[in-house]
Amino acid sequence: VQLQASGGGLVQAGDSLRLSCTASDTTFKILPVGWFRQTPGKEREFVGGSPYIGGGRTLYADSVKGRFSISRDNIKNSAYLQMDNLKPEDTAVYYCAAQVQRYGKVSPSAQAYRYWGQGTLVTVSS
């Protein structure tokens with residue numbers, strides 16, 4: 001499964017941005033999907049994750065709860081990260097990823113994900 005992430009850019013604090021993650025394989029729709037972010041010198045951080053549609057609850061990191069939301073579109077073979085009320089500390093390269101376990105639960109650990117998109121840079125200015 002190949003993933004293509006897009007939608008990053010430069011925004012101001014308080015703005016919104018939506019990231020997209022499109023998969024090459026329809027298997028994607030039954031795989032848990034995660035969004036991660038990384039800044040220089042730091043480890044990749046779990047932002048949130050979604051199981052397949054109807055497969056349970058979506059998880060979010062405490063730092064983004066109430067501001068970020070994840071959705072999926074099986075017709076478009078895609079997942080989205082809607083980011084509202086962005087803060088400068090949200091600045092990072094954002095990655096989408098998919099686990100290999102079909103119908104699995106979302107894991108906050110990057111090691112659980114086999115398929116990764118190339119990353120898209122989000123910069124939030126104050």
Identify all side-chain donor-acceptor contacts of residues 26-33 below 3.5 Å with residues at least two apart in sequence or on another chain.
{"residue": "T27", "atom": "OG1", "partner": "D25", "partner atom": "OD1", "Å": "2.7"}

Could you pull out all donor-acceptor pairs under 3.5 Å where a side-chain atom in residues 42-49 meets a protein atom, sequence neighbours excluded?
{"residue": "R44", "atom": "NE", "partner": "Q38", "partner atom": "OE1", "Å": "3.2"}
{"residue": "R44", "atom": "NH2", "partner": "Q38", "partner atom": "OE1", "Å": "3.3"}
{"residue": "E45", "atom": "OE1", "partner": "R37", "partner atom": "NE", "Å": "2.9"}

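Pairs passing the side-chain hydrogen bond (donor to acceptor under 3.5 Å, both in side chains) check and including a residue from residues 105-123, sequence neighbours excluded, read Q99-Y113. For residues 86-106, every residue pair satisfying the ring pair (Phe, Tyr, Trp, His ring centres under 6.0 Å) rule, not counting sequence neighbours, is listed here: Y52-Y103.
With sequence neighbours excluded, the residues satisfying side chain to side chain contact (heavy atoms under 4.5 Å, CB included) with E89 are K87. Every residue meeting the side chain to side chain contact (heavy atoms under 4.5 Å, CB included) condition with S126, not counting sequence neighbours, appears here in chain and number order: P88. For T22, the side chain to side chain donor-acceptor pair (under 3.5 Å) test picks out S78, with sequence neighbours left out. Qualifying side chain to side chain donor-acceptor pair (under 3.5 Å) partners for R67, counting only residues two or more places apart in sequence or in other chains: D90. Remark: S20 engages no residue in a side chain to side chain donor-acceptor pair (under 3.5 Å) (not counting sequence neighbours). Partners of K65 by side chain to side chain contact (heavy atoms under 4.5 Å, CB included), not counting sequence neighbours, listed by chain and number: Y60, D62. Looking at residues two or more places apart in sequence or on another chain, you find a side chain to side chain contact (heavy atoms under 4.5 Å, CB included) between Q2 and S24.
Atom CG of residue L81 and atom SG of residue C96 lie 10.0 Å apart, to the nearest 0.5 angstrom. The distance from atom CZ of F68 to atom CG of L19, rounded to the nearest 0.5 Å, is 8.0 Å. Here S50 contributes atom OG and R57 contributes atom CZ; the two are 12.0 Å apart, rounded to the nearest 0.5 Å. Atom-to-atom distance recorded for I53:CD1 and D73:CG is 7.0 Å, nearest 0.5 angstrom.
Contact detail for G9 and L17: the closest heavy-atom pair is N-CD2, 3.9 Å. Closest heavy-atom contact between L3 and C21: CB-SG, 4.1 Å. S16 approaches D84 most closely through the heavy-atom pair OG-OD1, 2.8 Å.
Y80 belongs to no hydrophobic cluster with other residues, because no ILVMFWY side-chain heavy atom falls under 4.5 Å from its own, directly or through intermediates.
A donor-acceptor pair under 3.5 Å is formed between the side chain of T91 and the backbone N or O of V124.
No path of Ile, Leu, Val, Met, Phe, Trp and Tyr side chains, each step under 4.5 Å between heavy atoms, connects F36 with V64, placing them in separate hydrophobic clusters. When hydrophobic clusters are built by joining Ile, Leu, Val, Met, Phe, Trp and Tyr residues whose side-chain heavy atoms come closer than 4.5 Å, directly or via intermediates, V122 is grouped together with W35.
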